Amino acid sequence: MRDYANNRLNSSLMDARRSIPPYVILDFGNKGLLGLQAPVEYGGLDLGHEDCMAILTQIGAMDMNLAILVGLHNYLGIRPIMHHSNETLRAELLPKLASGRELAAFGLTEPGAGSNASAIESQATLMPNGNIKLNGSKMWIGNASWAGIINVFLRYTDEHGKPNGTCGYVVRQGQPGLEMGPELMTMGLRSMVQNTFTMKDVIVEPMSQLGVLGRGLDVAQDAMMYTRLALGAIFLGAMKRCLQLMLRYADRRTKISTGRLLDNPVSMMRLSTLTAKAQVLENLLHFISQRLDRNVEIPEEFLIVAKVSGSEFLWDAVDGASQMLGGRGYLENNEIAKILRDARVGRVFEGPTETMMYYMGSRLVLDSERLTAFLSTQLDAQDIAAQIIEARDAVASRCKAMELPFTGMRKLQLANFLLGEIVNWGILHAVSRYLEGMPLSDNARVSYWTQMKFVSSISAAKYDTLDEKIAIEPNKLKEIVAGFETQIGDIEQTLPGEEWGVDPYLRV
């Protein structure tokens with residue numbers, strides 16, 4: 001892959017043209033990168049999780065567009081078919097997908113349903129002949145217009161017109177009623193295509209079903225959880241690339257008032273902290289993938305932390321790189337500007353950081369036993385588990401006593417978010433401390449850093465913060481921002497841009 005990156009890729013060109021060249025997809029398919037965990041009999045590599053993380057980290061350092069395409073295709077595309085479809089469907093589709101002759105996409109997000117998958121409105125209706133009719137719209141779907149098949153998830157209505165949970169189906173490109181919408185002009189990840197699409201009376205057969213009828217979101221959730229692990233590896237690769245460029249520049253930049261930039265104490269501290277974050281993320285990925293390869297069941301919080309911390313750490317790294325490089329970091333011909341644009345989406349897709357923190361906190365409140373038992377038995381972290389539980393009770397008590405503007409559900413929501421932060425740092429500290437004596441570089445320093453972050457997260461959750469003290473209720477916020485109209489107007493540019501519509505005389 002390193003040789004390929006040096007001799008066969010031009011990421012700037014792909015970014016400018018908003019497309020991945022066909023030869024790259026063909027090369028990736030021929031090398032097995034589009035069938036990382038597919039069984040060998042279907043043309044895949046049948047790799048373990050640790051090997052997959054190493055590969056995705058490497059591609060993430062090369063180009064996040066390519067890495068996310070590979071991760072999406074393998075985990076959101078192939079995995080649901082490999083684990084949740086019938087043998088006929090597997091035999092038909094997996095050889096095409098694993099070889100890269102077709103790409104796969106994943107249709108869950110809708111205009112009104114993003115991180116809250118339970119809000120999807122697309123409908124699957126059972127027909128008298130046993131087939132299923134699909135109707136609805138999806139958006140932000142990576143690979144959609146390139147894909148040969150799309151795994152879609154909908155609400156299910158039985159033959160009596162009664163809602164009966166959710167369902168998943170494989171929809172093939174070109175089926176009547178499947179209509180692709182325009183490509184979304186994203187800020188970053190420009191080489192990858194993202195589309196909206198609609199389903200208007202798309203008919204699928206029962207054999208196209210994914211998982212158990214009525215429990216389609218279980219299939220989607222499984223795919224998304226493993227995708228979050230893959231994203232952590234991709235973000236780690238991009239982080240390491242940022243650090244390479246920062247170190248190279250800081251070592252060569254000598255004509256500043258304080259001497260060599262690398263010797264500046266602020267530069268030293270920022271670089272040191274970023275190397276700690278990279279090691280923390282690598283520790284977590286190593287621990288999770290190694291346990292998965294041993295068939296140990298991992299609490300979903302660990303997979304969420306891989307994605308959440310990975311995206312936040314990468315953003316810190318690329319922002320730090322842009323700052324350290326000064327004007328050079330702002331130039332499009334330098335690599336950092338593109339990484340910054342590509343990295344920004346990491347904090348919002350596959351679950352925004354804030355939503356994931358809230359979710360982990362709510363799980364701690366409703367069902368903490370699985371997480372705390374895993375910390376105790378697999379990581380010998382009974383003390384960390386006990387600190388998390390003690391903090392849960394203290395934070396819940398503090399938030400319950402809050403006054404305006406935190407009323408009603410706002411108290412619970414804030415408590416859950418704060419607890420999610422504690423869970424996040426508790427997991428990172430438990431893993432880094434567990435691996436401290438193992439042959440991964442720098443773990444003593446990293447273990448100390450995660451311990452201090454864990455302690456800080458508990459302290460921040462137990463006591464009033466400045467943000468809480470200056471918070472004002474929503475109607476007042478609306479009033480303040482509405483007042484801006486008298487100062488800056490309410491601007492919406494309406495001058496038309498380029499004309500790309502087909503001339504009416506030439507349309508069908």
Side-chain angles (χ1 to χ4, degrees), residues 1-6 8-9 24-83 90 94-95 97-100 103-104 222-241 278-298 300 302-307 309-310 313-314 350 378 431-432 434-435 438-441 443:
M1 292 307 303
R2 294 167 191 164
D3 180 69
Y4 190 87
N6 289 335
R8 294 283 286 163
L9 292 181
V24 175
I25 303 294
L26 292 171
D27 288 347
F28 276 27
N30 289 333
K31 290 297 183 183
L33 294 173
L34 300 178
L36 292 177
Q37 294 189 313
V40 173
E41 58 266 31
Y42 294 126
L45 297 182
D46 198 17
L47 294 181
H49 295 283
E50 196 159 20
D51 287 336
C52 288
M53 294 307 104
I55 290 170
L56 289 170
T57 298
Q58 179 62 63
I59 307 177
M62 292 159 45
D63 187 324
M64 285 183 62
N65 292 263
L66 298 177
I68 288 176
L69 180 137
V70 170
L72 185 158
H73 176 81
N74 278 283
Y75 290 95
L76 293 178
I78 288 180
R79 183 176 175 85
I81 296 168
M82 194 166 75
H83 292 281
R90 290 196 296 272
L94 287 182
L97 297 173
S99 64
L103 294 175
D222 171 77
M224 288 190 294
M225 281 300 169
Y226 281 87
T227 301
R228 286 167 183 149
L229 177 65
L231 288 171
I234 293 167
F235 298 151
L236 176 62
M239 273 191 78
K240 289 186 173 183
R241 181 58 180 157
Q279 186 66 64
V280 166
L281 182 56
E282 188 162 11
N283 286 347
L284 181 66
L285 296 171
H286 174 75
F287 175 82
I288 293 173
S289 57
Q290 197 174 67
R291 292 303 186 278
L292 288 174
D293 285 338
R294 297 175 187 171
N295 295 316
V296 176
E297 192 172 349
I298 303 288
E300 61 181 301
F302 278 68
L303 304 175
I304 290 172
V305 170
K307 185 268 171 185
S309 292
F313 290 171
L314 171 58
E350 292 304 324
Q378 293 290 325
V431 170
S432 290
Y434 180 79
L435 296 176
M438 298 187 180
L440 287 173
S441 64
N443 269 331

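These numbers come from a predicted model, not from an experiment.
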If you measure from NZ on Lys307 to CE on Met224, what distance do you get to the nearest 0.5 Å? 11.5 Å
Contact between His286 and Leu435 at the side-chain level, heavy atoms closer than 4.5 Å - yes or no? yes
Can you confirm whether Val296 sits close enough to Leu292 that some side-chain heavy atom of one is under 4.5 Å from a side-chain heavy atom of the other? no
Out of curiosity, Leu281 CG to Leu236 CG, how far, rounded to the nearest 0.5 Å? 5.0 Å
So, using ring pair (Phe, Tyr, Trp, His ring centres under 6.0 Å) as the criterion, who are the partners of Phe302 when residues are at least two apart? Phe374
Does Glu50 offer a backbone N or O that forms a donor-acceptor pair with the side chain of Asp293 under 3.5 Å? yes
Close side-chain approach of Ser309 to Phe235, heavy-atom, < 4.5 Å: no
Report yes if some heavy atom in the side chain of Leu66 is under 4.5 Å from a heavy atom in the side chain of Leu9; otherwise report no. yes
Does the pair Lys240 and Glu282 meet the rule for a salt bridge (Lys or Arg N to Asp or Glu O under 4.0 Å), with working shown? CA-CA 11 Å; Lys240 289 186 173 183; Glu282 188 162 11; 3.0 Å; yes
Flag the pair Met82 / Pro39 as yes when at least one side-chain heavy-atom distance between them is below 4.5 Å, and no otherwise. yes
Tyr226 OH to Arg79 CZ distance, which is reported to the nearest 0.5 Å: 4.5 Å
Please round to the nearest 0.5 Å and tell me the distance separating atom CD1 of Ile298 and atom CD of Gln290. 10.5 Å
Show me the donor-acceptor pairs within less than 3.5 Å that the side chains of residues 25-36 make with the rest of the protein, sequence neighbours left out.
{"from": "Asp27", "atom 1": "OD2", "to": "Tyr4", "atom 2": "OH", "distance (Å)": "2.7"}
{"from": "Asp27", "atom 1": "OD2", "to": "Arg8", "atom 2": "NH2", "distance (Å)": "3.3"}
{"from": "Asn30", "atom 1": "ND2", "to": "Leu26", "atom 2": "O", "distance (Å)": "3.2"}

Indicate yes or no: at least one non-hydrogen side-chain atom of Ile68 is less than 4.5 angstrom from one of Glu350. no
What's the separation between atom CG in Leu303 and atom CG in Leu231, rounded to the nearest 0.5 Å? 11.5 Å
side-chain hydrogen bond (donor to acceptor under 3.5 Å, both in side chains) pairs, two or more places apart, involving residues 54-65: Arg2-Gln58, Ser11-Asp63, Asp63-Asn65, Asp63-Lys338, Asn65-Asp342
Report the distance from atom CG of Asn74 to atom SG of Cys52, rounding to the nearest 0.5 Å. 7.0 Å
Does any part of the side chain of His49, heavy atoms only, come nearer than 4.5 Å to the side chain of Gln37, both counted from C-beta? yes
Note: Glu300-Arg228 ion pair, threshold 4.0 Å (strictly below): no
With a 4.5 Å heavy-atom cut-off, do Met64 and Leu314 have their side chains touching? yes
